[in-house]
2 protein chains.
Amino acid sequence: MSRPVLIRPGGRSERIQKAVHEAVRALQAENAEITVALIADRAAVTPSTIYRRWGSLAELLGDVATQHMRPDAQPVSTGSLEGDLLVWLDQFVDEISTGVGRAMIRERVENVALARIAAGYAFANLETLVWRAVERGEPAPDPDRLMDLLVAPVIYRLVFVGQVIEKGYQKELVALATASAPQLQQSAHQPSIRRS
Amino acid sequence: MSRPVLIRPGGRSERIQKAVHEAVRALQAENAEITVALIADRAAVTPSTIYRRWGSLAELLGDVATQHMRPDAQPVSTGSLEGDLLVWLDQFVDEISTGVGRAMIRERVENVALARIAAGYAFANLETLVWRAVERGEPAPDPDRLMDLLVAPVIYRLVFVGQVIEKGYQKELVALATASAPQLQQSAHQPSIRRS
DNA sequence: GCCTTAATGCAACTTTCTAGCGTTAGCAGG
DNA sequence: CCTGCTAACGCTAGAAAGTTGCATTAAGGC
């Protein structure tokens with residue numbers, strides 16, 4: 001999921017990485033056009049450096065988004081899976097529709113890479129929530145199923161339709177997802193997905 | 001959803017359109033690299049013509065895909081919504097994972113446009129199926145909900161994860177979707193989605 | 001056949017991305 | 001403190017992708 005962007009820590013490399021990241025965020029905040037040239041200019045760096053380090057604009061944006069999303073790695077706990085999911089989904093929708101998502105809709109930056117990263121973090125969070133539920137003895141569906149029932153619709157509507165799912169409908173989705181827990185769990189042993 | 005690509009019928013324009021479309025399909029079939037230059041070359045046309053007519057490679061591919069998908073505009077009828085959905089979803093997954101989808105996964109052509117078109121046709125088909133069900137007096141969810149519960153997972157996995165959903169899991173999804181029919185229908189009157 | 005007009009071809013041009021090469025900054029060993 | 005080593009950078013040239021203006025061509029109407 002986008003290369004780790006390894007660098008020699010603490011030195012010129014780090015300085016430049018920081019400068020570039022800040023340039024990107026500044027441009028995003030200003031709602032300005034986002035191009036490699038503009039970023040390079042603002043960060044006082046040559047475009048070629050950006051291409052070398054990140055490979056493409058998409059990956060750079062992905063890298064920035066990654067760092068921005070990392071914070072909510074520990075989703076809040078409410079005591080029940082349904083509650084946890086509700087809170088988390090609302091947060092997820094909000095985050096994806098303000099930061100990352102806005103850029104995807106607004107610009108032509110059809111940035112699948114960004115959505116992919118968002119999905120990656122979503123999965124990690126959902127795993128945590130499911131794990132908690134299982135520890136409490138609550139029935140819980142596979143994180144994979146939750147991805148399909150919660151994250152997939154959200155991302156689908158955002159990327160392909162340009163819509164944001166509202167709280168009321170979020171609730172329905174969560175209800176449906178939690179309700180489907182045992183039934184889906186039954187067949188969890190037969191692999192139902194294959195790599196293409 | 002991608003401009004209609006209107007042309008003066010029966011003349012040079014049509015000839016060129018056909019030549020370009022065939023060039024695209026030929027390249028797709030050969031698993032060859034797909035670039036505007038190669039397409040133009042094979043169709044004996046200047047690249048600028050392609051850019052003018054279609055605007056971008058993505059739109060051209062979208063146009064080709066559109067024509068290729070149109071045939072199943074009349075999905076088969078089995079007598080029940082669940083049956084209809086099963087057959088249709090299987091077809092949809094197959095189509096999207098062989099033609100359009102392969103291109104999306106294989107290449108870097110992160111072609112959101114294609115998926116969008118596919119989704120458009122999917123929606124039209126689902127509407128038909130739901131309409132039939134309603135006519136039979138069967139409870140049926142909104143086409144929108146079906147998009148979220150069936151199409152969204154399929155596309156999500158395809159585009160973001162590179163997976164194809166198998167028949168067994170398709171069945172689960174369909175079961176879940178049909179089961180959720182009445183419950184979701186209740187709240188169909190309050191709009192649960194807003195444009196961003 | 002002539003006229004009108006949409007669409008194409010051609011070529012110049014801009015933008016975006018890539019690659020080679022010399023230079024610089026950080027780091028380690030003496 | 002000096003010296004050598006190397007990853008990363010800046011600069012520049014150039015390839016590739018995409019855009020635009022203008023002359024030319026081919027359909028269709030009269």
Side-chain angles (χ1 to χ4, degrees), chain A residues 2-24 27-28 32-64 67 103-104 106-114, chain B residues 2-24 27-28 32-64 67 103-104 106-114:
Chain A
S2 151
R3 77 179 106 152
V5 188
L6 295 170
I7 54 169
R8 287 215 254 194
R12 182 166 56 160
S13 299
E14 195 174 295
R15 250 194 342 266
I16 286 185
Q17 188 183 46
K18 199 175 158 193
V20 170
H21 276 208
E22 273 170 16
V24 170
L27 288 173
Q28 284 180 335
E33 196 184 0
I34 295 186
T35 64
V36 173
L38 285 176
I39 295 167
D41 195 51
R42 181 166 304 215
V45 154
T46 33
S48 64
T49 294
I50 291 181
Y51 284 114
R52 244 192 307 249
R53 275 269 286 267
W54 285 277
S56 70
L57 176 61
E59 278 190 80
L60 169 56
L61 294 182
D63 189 41
V64 173
Q67 299 222 341
M104 290 199 304
R106 179 162 38 79
E107 305 172 39
R108 76 179 70 235
V109 181
E110 311 206 324
N111 201 339
V112 173
L114 289 188
Chain B
S2 149
R3 76 180 107 152
V5 188
L6 296 170
I7 55 169
R8 288 215 254 197
R12 182 167 56 157
S13 299
E14 196 173 293
R15 246 189 352 260
I16 285 185
Q17 189 183 45
K18 200 176 157 193
V20 170
H21 275 207
E22 274 171 14
V24 171
L27 288 174
Q28 284 180 333
E33 197 185 1
I34 294 186
T35 64
V36 172
L38 286 176
I39 295 167
D41 195 51
R42 180 166 304 215
V45 156
T46 32
S48 65
T49 294
I50 291 180
Y51 283 115
R52 248 192 300 251
R53 274 268 285 269
W54 285 277
S56 70
L57 177 60
E59 278 190 81
L60 169 56
L61 294 183
D63 189 41
V64 174
Q67 299 223 341
M104 290 199 304
R106 180 162 38 81
E107 304 171 40
R108 74 180 71 233
V109 181
E110 312 208 323
N111 200 339
V112 172
L114 289 189

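The model shown is predicted, which means the values in this text are computed figures rather than measured ones. Chain letters run A, B, ... following the sequence lines, proteins first, then strands; residues in each count from 1.
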Whole-Å distance separating the [atom1] atom of [X] from the [atom2] atom of [N]:
{"X": "B:R15", "N": "D:dT25", "atom1": "CZ", "atom2": "P", "result": "15 Å"}
{"X": "A:I16", "N": "D:dA7", "atom1": "CD1", "atom2": "C1'", "result": "12 Å"}
{"X": "B:I50", "N": "D:dA16", "atom1": "CD1", "atom2": "P", "result": "18 Å"}
{"X": "B:R53", "N": "D:dT19", "atom1": "CZ", "atom2": "C1'", "result": "18 Å"}
{"X": "A:E33", "N": "C:dT15", "atom1": "CD", "atom2": "P", "result": "11 Å"}
{"X": "A:L57", "N": "C:dT18", "atom1": "CG", "atom2": "C1'", "result": "16 Å"}
{"X": "B:W54", "N": "C:dA7", "atom1": "CH2", "atom2": "P", "result": "12 Å"}

Of all of residues 37-45 of chain B, which get a heavy atom below 4.0 angstrom from DNA chain C, listed by number?
->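 Only B:A44, B:V45 qualify.
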According to a strict under-4.0 Å criterion, is B:T49 in side-chain N/O contact with OP1 or OP2 of C:dG9?
-> yes
For a quick test of reading the model, state the closest non-hydrogen atom pair linking [X] to [Y] and the distance between them.
{"X": "B:T35", "Y": "B:L57", "value": "CA-CD2, 4.5 Å"}
{"X": "B:D63", "Y": "B:H21", "value": "OD2-NE2, 2.8 Å"}
{"X": "B:Q17", "Y": "B:W54", "value": "CG-CZ2, 3.9 Å"}

Would you give the length of the straight line joining atom CD of A:E22 to atom CG of A:L27, rounded to the nearest 0.5 angstrom?
->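 So the gap between those two atoms works out to 12.0 Å.
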Go through the steps to decide whether B:I16 and B:V20 satisfy the test side-chain contact (heavy atoms from CB on, under 4.5 Å), and finish with yes or no.
-> CA-CA 6 Å; B:I16 285 185; B:V20 170; 4.2 Å; yes
Could you check A:P47 against B:T46 and say which one's nearest nucleotide on DNA chain C is further toward the 5' end?
-> B:T46
Check whether any side-chain heavy atom of B:L60 lies under 4.5 Å from a side-chain heavy atom of B:V64, and answer yes or no.
->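 The answer is yes; the side chains approach within 4.5 Å.
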Among the nucleotides D:dG10, D:dA8, D:dG18, which one has an atom lying closest to any side-chain atom of A:S13?
->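 Of the options given, the side chain of A:S13 lies nearest D:dA8.
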What are the atom names and distances for every N/O pair under 3.5 Å that joins the protein to nucleotides 20-22 of chain D?
residue	atom	partner	partner atom	Å
D:dG21	O6	B:R52	NH1	3.2

Anything under 3.5 Å between a donor and an acceptor, one on a side chain of residues 39-50 of chain B, the other on a protein residue two or more places apart or in another chain? List them.
residue	atom	partner	partner atom	Å
B:R42	NH1	B:E30	OE2	2.8
B:R42	NH2	B:E30	OE1	3.4
B:T46	OG1	B:T49	OG1	3.2

